[in-house]
Amino acid sequence: MQSPKHIMIIGSGFAGLSAACVLAKEGHKVIILEKNGQPGGRARIWQQDGFAFDMGPSWYWMPDVFENFFALFGKKPSDYYELKRLDPAYRIYFEKDDFLEVPGARSELAQLFERIEPGSSGKLDEFLKQAEYKYRVSMSDYVFRPSHSITEFIDLNLIKKSLKMQLLGNMRSHVNHYFKNPRLRQLLEFPVLFLGATPQNTPAMYSLMNYADLVLGTWYPMGGMQQVVKAMVSLAESLGVEIRTDTEVVKIEVDQNKATQVKTNKGDIKADMIIAGADYAHVDQQLLDKPYRNYTAKYWDKRTMSPSGLLFYIGLNKRVPGIQHHNLFFDADFEQHAKQIYTSPQWPEHPLFYVCCPSKTDDSVAPEGCENLFFLMPIAPGLEDTETIRQKYFELLLSRFESITGQNIRNNIVVNRSYAVNDFKDDYHSFKGNAYGLANTLNQTAFFKPAMRNKQVRNLLYTGQLTVPGPGVPPAIISGQIAASEAAKYLNSLIN
Ligand SMILES: Cc1cc2nc3c(=O)[nH]c(=O)nc-3n(C[C@H](O)[C@H](O)[C@H](O)COP(=O)(O)OP(=O)(O)OC[C@H]3O[C@@H](n4cnc5c(N)ncnc54)[C@H](O)[C@@H]3O)c2cc1C
């Protein structure tokens with residue numbers, strides 16, 4: 001190996017932590033600078049009166065990505081946390097006392113499909129076989145590419161595979177081609193919400209997410225998603241990474257197309273290489289002088305961002321029988337809500353929402369006899385965010401929850417905190433207050449995404465949910481791995 005270099009990573013989200021681990025293993029001196037008081041980025045934890053709330057991600061999907069990451073260091077997820085497969089994986093409510101639950105076992109899933117749409121279990125097999133193909137090809141041939149340009153994808157073998165990936169069709173038509181029943185269609189379109197776009201705007205290639213959902217399953221790390229952050233922090237520190245919290249980068253200084261140091265609220269720090277895991281738009285527009293920015297303000301304004309969210313972290317002094325760990329309230333018109341997120345951004349009239357209740361699986365996240373609830377309502381990024389608006393929706397979501405589940409909870413609330421657009425901006429420098437980056441639409445996929453490399457500054461790279469491969473915890477971990485490998489290429493080029 002060449003002599004160790006000083007690598008500065010901005011942001012301690014999954015992408016930053018992942019890149020840090022890989023580069024530290026190669027012998028480099030890695031420092032992560034994090035503006036908040038706690039590592040983990042969007043996956044921080046908030047604790048209050050015996051309740052422990054995961055502030056962001058709650059769905060642990062694609063367990064193979066976590067296994068492959070830890071395997072790079074001779075470790076397994078089970079060295080750090082205990083995983084439980086949730087069965088049922090989740091519940092979808094359509095109206096009061098009317099819901100379906102997604103079972104873990106494939107045979108039960110087939111029965112569920114048959115019950116709802118006779119004759120559909122065979123189609124499900126076909127659909128999932130194709131989804132599995134897409135998942136496997138994506139994992140082996142697509143997602144680990146830095147996607148600097150289209151030329152990376154010009155390879156006869158890859159082109160042949162790409163033809164089967166349905167890059168040009170969309171998820172809506174793909175699902176509709178196989179299934180007629182609106183509920184099954186809704187169930188199969190649901191994972192698209194993780195990609196931040198509508199089913200009409202998401203390439204059919206992403207039915208790979210149905211394989212992740214229905215075959216690989218929904219898992220839960222006991223202790224919450226925070227355990228994954230802890231695991232990565234512990235791994236990083238064991239490899240010599242230094243994590244400096246409460247340290248905000250305010251400028252990246254460049255001399256002759258080379259980043260030389262970062263200015264922080266705690267002084268200047270020199271670096272041989274910088275990897276920016278903070279929100280890309282913030283780094284590009286706020287931390288760099290104009291000549292070194294990859295994009296203009298207009299470019300950013302035209303991106304389709306993933307939604308923001310209105311969230312409530314709620315502690316109850318009683319248990320709520322009848323609900324599951326993951327509960328989707330699809331008792332409203334998805335099209336209308338989607339329009340109010342993407343087409344004419346405004347606060348939704350009849351929103352869909354999601355309620356996570358991890359205390360159903362894990363006693364450690366709430367005091368005895370209590371329940372830990374996390375409400376999430378997707379909204380357009382950049383909306384006006386006031387206390388009055390939050391309160392209005394709090395009432396609306398509570399009423400819907402109570403009437404659909406038949407459970408009264410409003411008199412049992414002992415902890416209550418809201419979180420929305422302004423908090424995303426303040427806490428993460430999130431562009432327009434987006435919750436999970438850039439939507440995975442066709443024209444924002446692979447080499448159409450904001451580039452991982454800075455075009456002017458050779459030793460500056462970007463990682464995380466606004467660049468390749470996209471939003472979500474597994475993609476952020478992969479993004480960090482790609483950035484680390486690109487950084488290693490650059491550092492190697494210095495000695496060759
Ligand atoms: C409410 C919510 C629910 C979600 N649900 C899921 C889910 O269930 N499953 C799933 O897989 N994904 C989910 N996601 C998406 C997932 O959490 C993210 O895609 C992923 O965590 C992003 O990681 P990241 O490293 O790219 O960015 P981040 O986690 O945002 O990390 C970036 C870090 O940079 C720091 N930073 C910013 N500016 C500076 C600066 N100037 N100086 C120093 N530090 C700075 C920030 O504080 C932050 O810690 C969810 C996200 C949210 C918000």
Side-chain angles (χ1 to χ4, degrees), residues 8-20 31-44 53-63 65-66 90 191 193-196 209 212 218-220 224-225 228-229 232 243-252 262-266 274-283 286-287 306-313 326 354 356 358 374-379 381 419-420 423-431 433-438 440 462-480 483:
M8 200 63 58
I9 295 189
I10 307 174
S12 68
F14 285 110
L17 287 168
S18 156
I31 300 179
I32 301 182
L33 304 174
E34 168 54 55
K35 80 179 270 292
N36 291 322
Q38 204 190 108
R42 259 80 165 172
R44 289 178 303 153
F53 298 95
D54 275 319
M55 293 189 71
S58 53
W59 299 73
Y60 188 105
W61 275 13
M62 304 161 75
V65 172
F66 299 84
Y90 51 97
L193 297 181
F194 285 107
L195 304 171
M209 294 287 284
T218 299
W219 299 77
Y220 175 77
M225 290 298 280
V228 188
V229 174
M232 289 178 72
I243 303 177
R244 297 188 193 169
T245 50
D246 293 314
T247 307
E248 175 164 356
V249 175
V250 292
K251 186 159 203 267
I252 297 172
V262 291
K263 280 192 168 302
T264 79
N265 58 340
K266 294 190 174 162
I274 295 175
I275 300 183
D279 266 44
Y280 196 139
H282 160 67
V283 178
Q286 312 295 326
L287 303 189
S306 78
S308 183
L310 171 59
L311 322 177
F312 295 99
Y313 308 105
H326 294 296
Y354 156 64
C356 183
F374 162 85
F375 280 63
L376 186 160
M377 176 180 101
I379 52 172
Y419 198 95
D423 301 294
F424 282 110
K425 287 185 193 164
D426 291 348
D427 287 352
Y428 308 115
H429 289 309
S430 156
F431 181 59
N434 77 77
Y436 46 102
L438 204 68
N440 266 356
Y462 303 85
T463 187
Q465 58 181 358
L466 276 92
T467 182
V468 285
V473 176
I477 292 175
I478 292 172
S479 186

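All values below were derived from every heavy atom in this structure, side-chain atoms included, with hydrogens, water molecules and symmetry-related copies excluded. One-based numbering, in listed order, for ligands and for the atoms of each. Everything numeric here is computed off the predicted structure, so don't read it as measured data.
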Where ligand 1 meets [X] - atom numbers and elements under 4.0 angstrom, heavy-atom basis:
| X | result |
| --- | --- |
| Pro474 | 11 (O) |
| Gly41 | 29 (O), 31 (O), 48 (C), 49 (O) |
| Phe424 | 53 (C) |
| Ala278 | 34 (O), 36 (N), 37 (C), 38 (N), 39 (C), 45 (C) |
| Thr247 | 43 (C) |
| His429 | 38 (N), 39 (C), 41 (N) |
| Ala476 | 23 (O) |
| Leu33 | 43 (C), 44 (N) |

Out of [options], indicate the one that has the non-hydrogen atom closest to [atom].
| atom | options | result |
| --- | --- | --- |
| atom 32 (C) of ligand 1 | Gly277, Gly11, Ala276 | Gly277 |
| atom 29 (O) of ligand 1 | Gln286, Lys251, Arg42 | Arg42 |
| atom 7 (C) of ligand 1 | Gly437, Pro57, Ala19 | Pro57 |

Side-chain touch [X]/[Y], heavy atoms, less than 4.5 angstrom:
| X | Y | answer |
| --- | --- | --- |
| Ile10 | Ile252 | yes |
| Trp61 | Phe194 | yes |
| Ser58 | Tyr354 | yes |

What's the shortest distance from [atom] to any protein heavy atom, and which residue and atom give it?
| atom | result |
| --- | --- |
| atom 53 (C) of ligand 1 | Ala435 O, 3.3 Å |
| atom 22 (C) of ligand 1 | Gln465 OE1, 3.5 Å |
| atom 9 (N) of ligand 1 | Trp59 O, 3.1 Å |

Heteroatom proximity flag, [X] to ligand 1, N/O under 3.5 Å:
| X | value |
| --- | --- |
| Phe14 | yes |
| Glu248 | no |
| Ala15 | yes |
| Gly472 | yes |
| Tyr436 | no |
| Val473 | yes |
| Val249 | yes |

Inset, instruction - For Val250 and ligand 1, answer yes if some heavy atom of the residue is under 4.0 Å from a ligand atom, otherwise no. - result: no
Inset, instruction - Tell me, please: is Ser58 in heavy-atom contact with ligand 1, that is, under 4.0 Å? - result: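 The answer is yes, since Ser58 has a heavy atom less than 4.0 Å from ligand 1.
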Legend entry - Positive for ring-ring contact (aromatic ring centres under 6.0 Å, His included) with His326, one of Trp59, Tyr90, Trp219: Trp59
Legend entry - Option among Asn434, Asp426, Asp427 that satisfies the side-chain hydrogen bond (donor to acceptor under 3.5 Å, both in side chains) test with Ser430: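 Result for side-chain hydrogen bond (donor to acceptor under 3.5 Å, both in side chains) with Ser430: Asn434.
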Legend entry - Name of the residue among His282, Arg44, Lys35, Arg42 meeting side-chain hydrogen bond (donor to acceptor under 3.5 Å, both in side chains) with Tyr428: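 Answer to the side-chain hydrogen bond (donor to acceptor under 3.5 Å, both in side chains) test with Tyr428 among His282, Arg44, Lys35, Arg42: Arg44.
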Inset, instruction - On the 0 to 90° scale, with breaks at 30° and 60°, tag the Tyr313-Tyr419 ring pair as parallel, tilted or perpendicular. - result: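 If you compare the ring of Tyr313 with that of Tyr419, the planes turn out perpendicular.
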Legend entry - Gly277 backbone acceptor or donor facing Thr463 side chain under 3.5 Å: no
Inset, instruction - For ligand 1, indicate whether the residue Leu466 contacts it via side chain, backbone, both or neither (heavy-atom separation under 4.0 Å). - result: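 The answer is neither; Leu466 stays 4.0 Å or more away.
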